[in-house]
Novice: 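Below is one structure. I have some questions about it.
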Amino acid sequence: MLRRLMSFLPRLWANWITLLGSVVTTLSAFAIIIFAVLASFSTRSNPYSGIFAIVFLMLFIVGLLIIPVGFVVERIQQKRATASGVVHERDVIIKAFMAAVSNQRARRLMLFVGALTAVNVILISVGGVRAISYMDTPEFCGAACHTPMEPEWTAYHRSPHQKVQCVDCHIGPGAGALVEAKLNGMHQLFGVIFNNYHRPVPAPVAHMRANTETCEGCHARERFLGDSARLFPHYKPTKENTPAFNVMINHIGGLDTRTGKFTGIHSHLAPNHTVTYEYLDEKRTQIGKITVMEDGKVKTEYVLPGEEGKAKPLGTRSMECTDCHNRPTHKFDGTARQAVDKAMWNGELDSKQPYLAKVATEVLEKANIPREQADSFFRTEVLAAYGALDAKPVEADMNLAIAAITKIYARNVFPKMNVTWNTYPDRIGHYTEKDDELVGCLRCHDGKHEATLANGKTKKMDKSCDLCHATVESGVAPEKFEDPVKQMVGIPLD
Ligand code: HEC
Ligand code: HEC
Ligand code: HEC
Ligand code: HEC
Ligand code: HEC
């Protein structure tokens, strides 16, 4: 048996085609075994290991197919050789091989070379897997291509998803998605090399993976979130930075297990229910026809009266998580005013310093300078702004304020990428500094889109203030809140 196997081996090496086939088969077999072992040790599925396993499996099969081709070629050659009376090189090789195998030293040498090759293959594969899992890390996505990803990379570190890998939202599981992403990635790589890419990187992302494969891998849409209180701190541009806080109770809803129905804001996602919309611009700000489907049938169709057919829609989408949660991570601060409100609320800017809300907002709105020059720019501008006012912080507080303003600028404005205040607006609410702008929810809930119902009556998209939330406080200083309200929004009781 062993002898027969041994005599088969040199046949594999007798011509280069069979040799190629056997090398390819052996190496890919090794790789497949190693991937299988490593995969059984790793805790999370890596989309890259899937694709590599497939590639090696294909190589394995190709190798197996090449070997018989080699045999056929060889048989033809041998026939010719026998006809012309020449000793075929195969027979020479077989003879030499058998002689070598019968020599103990040569046998050991062959074993040694064989073992070393196996070690090599293991090392290369482990290294490959390492490289592959590195490609999966946020460091690779965010930091390796520094300039284009700098805004997202910076904002990512301040988000609730800072431990979620970029690929978990951007690629999702499965080899198919990965191939698509990598092909796209090649294009982007050339973009970076030749300094030819969009600044800013366009949002929304045109071919984002379906949220059922990304967000819903971690979040169940059925989860009932009910009503939830939210605090919105604002400071007026006065000497006292007068606080004017809002508290809203958002009717988030979800699957109400008592009634078995989806309620509230998350009812857009009830399983038998889809909301599709036509968008008229790339940013999906202008919304055309909105269709509500129930159990696969059109239930209600909203159009803008008088506008039908005027603008050609760029596309149609079914609403999913990211149509509202478009900034679940790499979340910027919005406008300069919103950034100052947040910083003052979390203590980065000291609300006891006179006019700080006003001055900080003004200098931040005005700044359009390289990030490296921010510190000296804000020093000059802040001092100048206070020169015209009747009160200013003492020097130490002034320095703290300037440092904080510089930091706020650095996490929101990226001139190299043309990213500045509100380049990437959040669609979760409807915040705007101009009343006539339709943003976020109000793109659809505009009180203008209109449906004609079966009974001939018309119905407008609901814009009423109590559809989505209840107002608890409006423009009030937090000290004036009732204790339960303070507790709901996390303000310490005194
Ligand atoms: C929790 C999910 C999630 C994670 C994690 C995530 N992203 Fe995103 N990202 C999104 C969504 C959703 C959008 C689409 C925004 C839109 O459509 O307006 C987006 C958009 C982007 C864009 C387009 C420009 C922009 O800011 O909208 C870039 C670039 C980007 N992400 C890079 C990254 C990088 C780099 C990482 C990792 C450091 C990362 N993302 C991690 C969900 C995520
Ligand atoms: C890998 C798992 C994972 C994925 C994928 C994921 N999330 Fe999350 N998400 C979390 C975890 C964990 C938290 C809670 C973070 C915390 O509270 O510290 C969270 C928090 C949130 C929150 C609450 C944020 C807040 O301010 O407290 C929202 C909203 C959210 N995710 C939406 C999304 C959306 C939309 C997507 C898809 C684009 C997504 N998530 C993808 C794990 C994930
Ligand atoms: C119609 C818009 C909309 C859609 C679609 C939507 N959400 Fe929400 N979601 C909201 C709003 C608004 C809130 C409340 C946010 C707030 O109060 O700041 C919320 C709250 C949440 C929260 C709780 C956040 C917290 O801080 O407690 C999670 C988690 C969440 N959504 C996940 C999802 C996921 C996952 C999907 C997709 C399956 C989804 N949402 C689809 C609008 C939406
Ligand atoms: C793409 C259009 C679109 C966007 C954007 C949108 N909605 Fe809606 N919303 C709808 C449609 C359509 C309905 C169903 C109207 C009907 O019943 O005919 C609806 C219904 C609702 C309802 C009523 C649910 C119920 O109980 O009947 C709430 C609450 C709501 N939306 C909140 C929001 C919030 C909050 C946002 C922003 C975070 C938002 N919507 C963004 C299209 C939209
Ligand atoms: C379609 C749903 C919807 C409608 C209609 C709606 N809102 Fe809101 N509103 C929201 C959501 C969602 C948020 C919370 C955004 C967030 O969590 O960041 C919000 C936040 C707010 C806030 C706090 C924002 C801040 O920065 O202080 C105020 C104030 C507010 N809404 C007022 C109104 C008023 C007044 C109306 C009626 C004219 C109205 N809303 C109609 C969904 C809606």
Side-chain angles (χ1 to χ4, degrees), residues 137-145 148-157 159-170 188 198 200-206 208-209 211-212 214-223 225 227-230 232 248-254 261-270 273-279 283-284 287 290-292 294 299-302 317-332 417 419 423-430 439-446 449 451 453 459 461-462 464 466-469:
T137 61
E139 285 73 25
F140 175 77
C141 307
C145 89
M149 287 300 127
E150 193 183 12
E152 284 74 21
W153 179 237
T154 310
Y156 171 78
H157 288 292
S159 86
H161 290 105
Q162 56 183 277
K163 296 281 187 269
V164 175
Q165 308 214 346
C166 318
V167 290
D168 282 345
C169 289
H170 281 276
Q188 286 157 6
H198 295 282
V201 176
V205 178
M208 195 91 176
R209 189 80 185 274
N211 293 172
T212 41
T214 56
C215 320
E216 292 190 53
C218 296
H219 298 281
R221 64 166 68 192
E222 289 79 12
R223 183 173 164 219
L225 289 152
D227 282 351
S228 184
R230 289 283 188 281
F232 300 90
M248 318 297 282
I249 294 195
N250 284 340
H251 306 311
I252 307 176
K261 289 210 174 90
F262 269 72
T263 64
I265 299 170
H266 276 179
S267 67
H268 297 81
L269 298 167
H273 182 101
T274 34
V275 176
T276 55
Y277 66 89
E278 293 175 353
Y279 50 94
K283 288 200 179 293
R284 303 185 195 141
I287 308 285
I290 310 167
T291 310
V292 185
E294 221 157 78
K299 189 183 161 216
T300 329
E301 230 175 45
Y302 293 89
R317 264 181 72 80
S318 286
M319 242 179 126
E320 47 176 16
C321 317
T322 47
D323 285 289
C324 301
H325 297 281
N326 65 325
R327 319 283 332 155
T329 188
H330 36 74
K331 190 178 169 73
F332 300 95
M417 286 305 293
V419 171
T423 298
Y424 296 116
D426 201 329
R427 296 203 185 114
I428 202 75
H430 47 83
V439 291
C441 314
L442 303 195
R443 291 172 299 154
C444 295
H445 293 271
D446 55 359
H449 277 82
L453 304 175
K459 178 181 166 188
M461 271 302 291
D462 204 344
S464 45
D466 55 1
L467 176 74
C468 309
H469 46 54

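Heavy atoms only: backbone and side chains are in, while hydrogens, waters and symmetry mates are out. Ligands are counted one by one from 1 in listed order, and the atoms in each one are counted from 1 as well.
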Novice: Which atoms of ligand 4 have any heavy atom of R443 under 4.0 Å away?
Specialist: 5 (C)
Novice: Can you name the atoms of ligand 1, numbered from 1 with element, that are less than 4.0 Å from a heavy atom of V164?
Specialist: 5 (C)
Novice: At a 4.0 Å threshold, what atoms of ligand 3 neighbour a non-hydrogen atom of C321?
Specialist: 34 (C), 35 (C), 36 (C), 37 (C), 38 (C), 39 (C), 41 (C)
Novice: Find all atoms of ligand 1 within a distance of less than 4.0 Å from any non-hydrogen atom belonging to T322, and give their numbers and elements.
Specialist: 12 (C)
Novice: In terms of residue, atom name and distance, what is the protein heavy atom nearest to atom 22 (C) of ligand 3?
Specialist: L225 CD1, 3.7 Å
Novice: Pick one of side chain, backbone, both or neither for how V205 approaches ligand 1, counting any non-hydrogen atom pair under 4.0 Å.
Specialist: both
Novice: With respect to atom 8 (Fe) of ligand 1, please indicate if H330 possesses an N, O or S atom at a distance under 2.8 Å.
Specialist: yes
Novice: So does C444 have any N/O/S atom less than 2.8 Å away from atom 8 (Fe) of ligand 4?
Specialist: no
Novice: For atom 4 (C) of ligand 3, state which one of G264, C468, C324, A229 supplies the nearest heavy atom.
Specialist: C324
Novice: Is H325 close enough to atom 8 (Fe) of ligand 3 to have an N, O or S atom under 2.8 Å?
Specialist: yes
Novice: Can you list the atoms of ligand 3 that are under 4.0 Å from a heavy atom of M319?
Specialist: 1 (C)
Novice: Can a donor-acceptor pair be found, under 3.5 Å and without considering hydrogens, that links the side chain of N211 to the backbone of E320?
Specialist: no
Novice: May I ask you to identify, for K299, whether its side chain, its backbone, both or neither come under 4.0 Å of ligand 4 on a heavy-atom basis?
Specialist: neither
Novice: Against heavy atoms of I252, which atoms of ligand 3 measure under 4.0 Å?
Specialist: 14 (C), 19 (C), 20 (C)
Novice: Run the numbers for me: atoms of ligand 1, each under 4.0 Å from some heavy atom of A203, listed by number.
Specialist: 18 (O), 27 (O)
Novice: Can you sort out which atoms of ligand 4 are near V292, meaning under 4.0 Å from one of its heavy atoms?
Specialist: 12 (C)
Novice: I want to confirm something. Looking only at heavy atoms, which of H170, E150, H219, Q165 is nearest to atom 31 (N) of ligand 1?
Specialist: H170
Novice: Examine ligand 3 and decide if any of its atoms is less than 4.0 Å from a heavy atom belonging to D323.
Specialist: no
Novice: Report, in ascending order of atom number, the atoms of ligand 3 lying under 4.0 Å from any heavy atom of H268.
Specialist: 1 (C)
Novice: Of all the non-hydrogen atoms in the protein, which one sits nearest to atom 29 (C) of ligand 4, and at what distance?
Specialist: L467 O, 3.5 Å
Novice: One residue to check: V201. Relative to ligand 1, which of side chain, backbone, both or neither has a non-hydrogen atom less than 4.0 Å away?
Specialist: both
Novice: Provide, to 0.1 Å, the distance between atom 38 (C) of ligand 4 and the closest protein heavy atom, together with that atom's residue and name.
Specialist: C441 SG, 2.7 Å
Novice: Are any of the N or O atoms of R223 closer than 3.5 Å to those of ligand 3?
Specialist: no
Novice: What residue and atom, counting heavy atoms only, is the protein's closest point to atom 17 (O) of ligand 3, and at what distance?
Specialist: N250 ND2, 2.6 Å
Novice: Quick test: of every protein heavy atom, which one is nearest to atom 42 (C) of ligand 3, and how far off is it to 0.1 Å?
Specialist: I265 CG2, 3.5 Å
Novice: Give a yes or no on whether H157 atom NE2 has more than 12 heavy-atom contacts from other residues, nucleotides or ligands under 6.0 Å away.
Specialist: yes
Novice: Measuring from the heavy atoms of I290, does anything fall under 4.0 Å of ligand 4?
Specialist: yes
Novice: Among all protein heavy atoms, pick out the one at the shortest distance from atom 11 (C) of ligand 1; state its residue, atom name and that distance to 0.1 Å.
Specialist: M208 CE, 3.3 Å
Novice: Give me the residue, atom name and distance of the protein heavy atom closest to atom 41 (C) of ligand 3.
Specialist: L269 CD1, 3.2 Å
Novice: For ligand 3, is N211 a contact, meaning one of its heavy atoms is under 4.0 Å away?
Specialist: no
Novice: Please could you name the atoms of ligand 4 that I428 approaches to less than 4.0 Å, counting only its heavy atoms?
Specialist: 37 (C), 38 (C)
Novice: Mind checking the CG-NE2 spacing from D462 to H445? Nearest 0.5 Å is all I need.
Specialist: 7.5 Å
Novice: Should the pair H219 and H161 be assigned to parallel (<30°), tilted (30 to 60°) or perpendicular (>60°) ring geometry?
Specialist: perpendicular
Novice: With the threshold set at under 4.0 angstrom, would you say H430 reaches ligand 4 through any of its heavy atoms?
Specialist: no
Novice: Report whether any nitrogen, oxygen or sulfur of H266 sits less than 2.8 Å from atom 8 (Fe) of ligand 3 (N, O or S, backbone or side chain).
Specialist: yes
Novice: I'd like to know whether ligand 4 has T263 as a neighbour, heavy-atom separation below 4.0 Å.
Specialist: no
Novice: Identify, by atom number and element, the atoms of ligand 3 in contact range of R221, meaning under 4.0 Å from any of its heavy atoms.
Specialist: 38 (C)
Novice: When you measure from atom 27 (O) of ligand 1 to each heavy atom in E320, R327, R284, E152, which option holds the nearest one?
Specialist: R327
Novice: In the protein, which heavy atom is nearest to atom 3 (C) of ligand 1, and how far is it?
Specialist: C169 SG, 2.8 Å
Novice: Closest non-hydrogen protein atom to atom 36 (C) of ligand 1, residue and atom name please, with distance?
Specialist: C166 SG, 2.8 Å
Novice: For ligand 1, which atoms have a heavy atom of M149 less than 4.0 angstrom away?
Specialist: 29 (C), 32 (C), 35 (C)
Novice: Hey, is S267 touching ligand 4 through its side chain, its backbone, both or neither, going by heavy atoms under 4.0 Å?
Specialist: side chain
Novice: If we set the cut-off at 4.0 Å for heavy atoms, which region of K459 has an atom near ligand 4: side chain, backbone, both, or neither?
Specialist: side chain
Novice: Hey, could you give me the SG/CE distance between C169 and M208, rounded to the nearest 0.5 Å?
Specialist: 6.0 Å
Novice: Quick check on contacts: which atoms of ligand 3 are under 4.0 angstrom from a heavy atom of E216?
Specialist: 38 (C)
Novice: Please round to the nearest 0.5 Å and tell me the distance separating atom CG of D227 and atom OG1 of T263.
Specialist: 8.0 Å
Novice: For ligand 4, which atoms have a heavy atom of Y302 less than 4.0 angstrom away?
Specialist: 15 (C), 16 (C), 18 (O)
Novice: Does atom CZ of R223 have more than 12 heavy-atom neighbours, drawn from other residues, nucleotides or ligands, at distances under 6.0 Å?
Specialist: no
Novice: Among all the protein's non-hydrogen atoms, which is closest to atom 16 (C) of ligand 3, and how far away is it?
Specialist: R230 NE, 3.1 Å
